[in-house]
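See below for the structure under consideration.
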Protein chains: 2
Amino acid sequence: MTRRDAYVCGIDAAIDVVGGKWKVLILWALEGGPCRFGELRRGIPGVTEKVLASHLRELEGDSIIFREEAFEGAVRRVTYALTPLGVSLNEALGPLGAWGREHLLGERSAHHEAL
Amino acid sequence: MTRRDAYVCGIDAAIDVVGGKWKVLILWALEGGPCRFGELRRGIPGVTEKVLASHLRELEGDSIIFREEAFEGAVRRVTYALTPLGVSLNEALGPLGAWGREHLLGERSAHHEAL
DNA sequence: GTGGGTGGTTACCTTAAGGTGAGTGGATGA
DNA sequence: TCATCCACTCACCTTAAGGTAACCACCCAC
């Protein structure tokens with residue numbers, strides 16, 4: 001998804017933010033609350049650490065998520081969570097998710113609650 | 001956007017359908033009614049004929065749009081229009097478009113009506 | 001007869017997104 | 001002591017999406 005200089009309309013721009021291969025899955029995972037790096041890696045089967053890290057940094061750059069690094073004693077604990085903007089993005093993705101579930105996935109995941 | 005074999009959730013799948021570089025712009029253009037190939041090409045500045053043709057064929061394959069070819073005398077007239085599924089997709093994209101307009105485009109196109 | 005419009009196709013090339021696999025440095029566990 | 005977890009980074013490679021430019025057949029107007 002090449003960062004476009006000038007957007008023609010809103011979805012155009014939104015798709016750009018959310019168009020990375022694993023980004024909606026990251027947003028989906030963070031819906032349930034903050035996650036650590038390792039939790040995300042395990043929670044999104046197939047994503048590699050490199051790609052996960054770069055996606056996270058892009059989402060952070062777009063102010064969709066924020067990163068919090070803390071040390072308990074000397075142990076690193078990095079947590080990712082949705083910003084208010086990220087929460088609103090997830091809400092805006094709701095109808096699209098419902099559409100996809102209804103028309104693309106068939107019935108088999110129709111009982112999948114969020115997004 | 002690599003066609004994924006198994007989708008995890010609805011948006012995942014929907015983003016795949018709509019993730020091509022010019023696809024939402026095509027949908028946006030067709031919102032206003034059926035268009036001919038040349039109209040789309042002129043209406044979407046920057047898209048090339050090759051990419052437009054392949055995007056149209058993919059959208060047609062996903063049953064988002066349909067193609068109608070007619071001959072008036074000996075003159076070709078090819079028209080593209082949204083299917084009911086395409087209309088529902090456009091509706092589902094509405095909130096995402098609004099989100100993008102509000103949060104990514106600033107005020108300068110806030111008065112842009114559709115999508 | 002030539003320039004433009006119709007709706008494309010074809011071969012080729014570029015680029016960036018994503019994947020592979022190894023390494024890092026400290027801490028903790030067996 | 002060796003291994004493993006944590007959160008990454010780095011160098012390299014592959015692949016597919018998209019771009020470039022030429023070409024096609026057919027028609028019409030000038």
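So that the names make sense, note that chain A is the first sequence line, chain B the second, and so on, each numbered from 1.
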Start with the C-alpha distance between B:Val18 and B:Leu59, add both sets of side-chain angles, then the distance that settles side-chain contact (heavy atoms from CB on, under 4.5 Å), and finish with yes or no.
CA-CA 8 Å; B:Val18 105; B:Leu59 289 171; 5.9 Å; no
Going through the distances and angles, do B:Trp99 and A:Leu93 end up as a side-chain contact (heavy atoms from CB on, under 4.5 Å)?
CA-CA 9 Å; B:Trp99 182 88; A:Leu93 283 170; over 6 Å; no
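When every heavy atom of A:Leu56 is checked against every heavy atom of A:Phe37, the shortest pair comes out as CD1-CD1, 3.8 Å.
Although no hydrogens or angles enter the test, the distance criterion places no donor-acceptor pair under 3.5 Å between the side chain of A:Asn90 and the main chain of A:Trp28.
Atom NE2 of A:His55 and atom CD1 of A:Ile44 lie 9.0 Å apart (nearest 0.5 Å).
Stem analysis of DNA chain C (at least three stacked-register Watson-Crick or G-U pairs, each with both distances under 3.5 Å) gives C:1-30 with D:1-30.
The CZ atom of B:Phe71 sits 13 Å away from the P atom of D:dC28 (whole-angstrom rounding). In this structure, the CZ atom of B:Arg57 is 15 Å from the C1' atom of D:dA17, given to the nearest Å. A:Leu52 has its CG atom 17 Å from the C1' atom of D:dC10, to the nearest Å. The nearest whole Å value for the distance from the CG atom in B:Asp16 to the C1' atom in C:dA17 is 14 Å. Protein atom NZ of B:Lys50 is 11 Å distant from nucleotide atom C1' of C:dT9, rounded to whole Å. Spacing between atom NE2 of B:His55 and atom C1' of D:dA16 amounts to 13 Å, rounded to whole angstrom units. Nucleotide C:dA16 holds its C1' atom 11 Å from the CD atom of A:Glu58, rounded to whole Å. One can place CG of B:Leu56 at 11 Å from C1' of C:dG8, the figure rounded to the nearest angstrom.
Under the side-chain hydrogen bond (donor to acceptor under 3.5 Å, both in side chains) criterion, A:Arg41 pairs with A:Glu49, not counting sequence neighbours. Checked against side-chain hydrogen bond (donor to acceptor under 3.5 Å, both in side chains), A:Glu39 has no partners two or more places apart in sequence or in another chain. Judged as a side-chain hydrogen bond (donor to acceptor under 3.5 Å, both in side chains), and not counting sequence neighbours, A:Ser54 has no contacts.
Contact annotation: side chain of A:Lys21 to base of C:dG18, donor-acceptor pair absent below 3.5 Å.
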Provide a list of protein-nucleic acid N or O atom pairs under 3.5 angstrom, restricted to nucleotides 3-7 of chain D.
| residue | atom | partner | partner atom | Å |
| --- | --- | --- | --- | --- |
| D:dC6 | OP2 | A:Arg42 | NH1 | 3.3 |
| D:dC6 | O3' | A:Arg36 | NH2 | 3.2 |
| D:dA7 | OP1 | A:Arg36 | NE | 2.9 |
| D:dA7 | OP1 | A:Arg36 | NH2 | 2.9 |
| D:dA7 | OP2 | A:Gly38 | N | 3.0 |
| D:dA7 | O3' | A:Arg76 | NH2 | 3.4 |

Listing, residues 76-84 of chain B side-chain donor-acceptor contacts under 3.5 Å, not counting sequence neighbours, or none:
| residue | atom | partner | partner atom | Å |
| --- | --- | --- | --- | --- |
| B:Arg76 | NE | B:Glu69 | OE2 | 3.0 |
| B:Arg76 | NH2 | B:Glu69 | OE2 | 3.2 |
| B:Thr83 | OG1 | B:Ser63 | O | 2.6 |
| B:Thr83 | OG1 | B:Ile64 | O | 3.1 |
| B:Thr83 | OG1 | B:Leu85 | N | 3.3 |
| B:Thr83 | OG1 | B:Gly86 | N | 3.0 |

